[in-house]
Amino acid sequence: MPPFLKRKVLYLIGEEDNPWLAALKCPCGCDDVIQLSLIKNDTPSWNLITRKQGTTLSPSIWRTKGCKSHFFFRENRIKWCD
Ligand SMILES: [Zn+2]
């Protein structure tokens with residue numbers, strides 16, 4: 001885990017072909033660091049889908065604390081939920 005995260009960058013921590021953690025700065029601007037487990041047995045955990053169009057995380061990311069942002073990370077883009 002890098003000590004300082006840049007905004008608008010998705011960090012993958014783990015082995016190259018087998019990351020177990022995704023981290024990003026909250027896109028709402030609050031600058032909190034969001035950590036998402038990619039380990040299937042964890043609850044909650046996320047699927048990392050890497051395609052030519054970009055990286056997708058599934059399901060959506062819904063923060064339960066802080067700013068309570070709810071958004072999708074889809075093909076390298078943030079898509080906000082209402
Ligand atoms: Zn936020």
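Both counts, for ligands and for their atoms, begin at 1 and track the order of listing.
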Across all chains, not counting sequence neighbours, the salt bridge (charged side-chain N to carboxylate O under 4.0 Å, His left out) partners of R63 are D32
According to side-chain hydrogen bond (donor to acceptor under 3.5 Å, both in side chains), does anything in residues 51-60 pair up with another residue at least two apart or in another chain? List the pairs. S60-H70
Residue pair L38 / L57, side-chain heavy-atom distance below 4.5 Å: yes
Do the non-hydrogen side-chain atoms of R7 and L24 ever get within less than 4.5 Å of each other? no
Between L12 and L48, is any pair of side-chain heavy atoms under 4.5 Å apart? yes
Which of the protein's N, O or S atoms come within less than 2.8 Å of the Zn ion (ligand 1), not counting waters? C26 SG, C28 SG, C30 SG, C67 SG
Those residues at least two apart in sequence (or on a different chain) that pass ring-ring contact (aromatic ring centres under 6.0 Å, His included) with F71 are W80
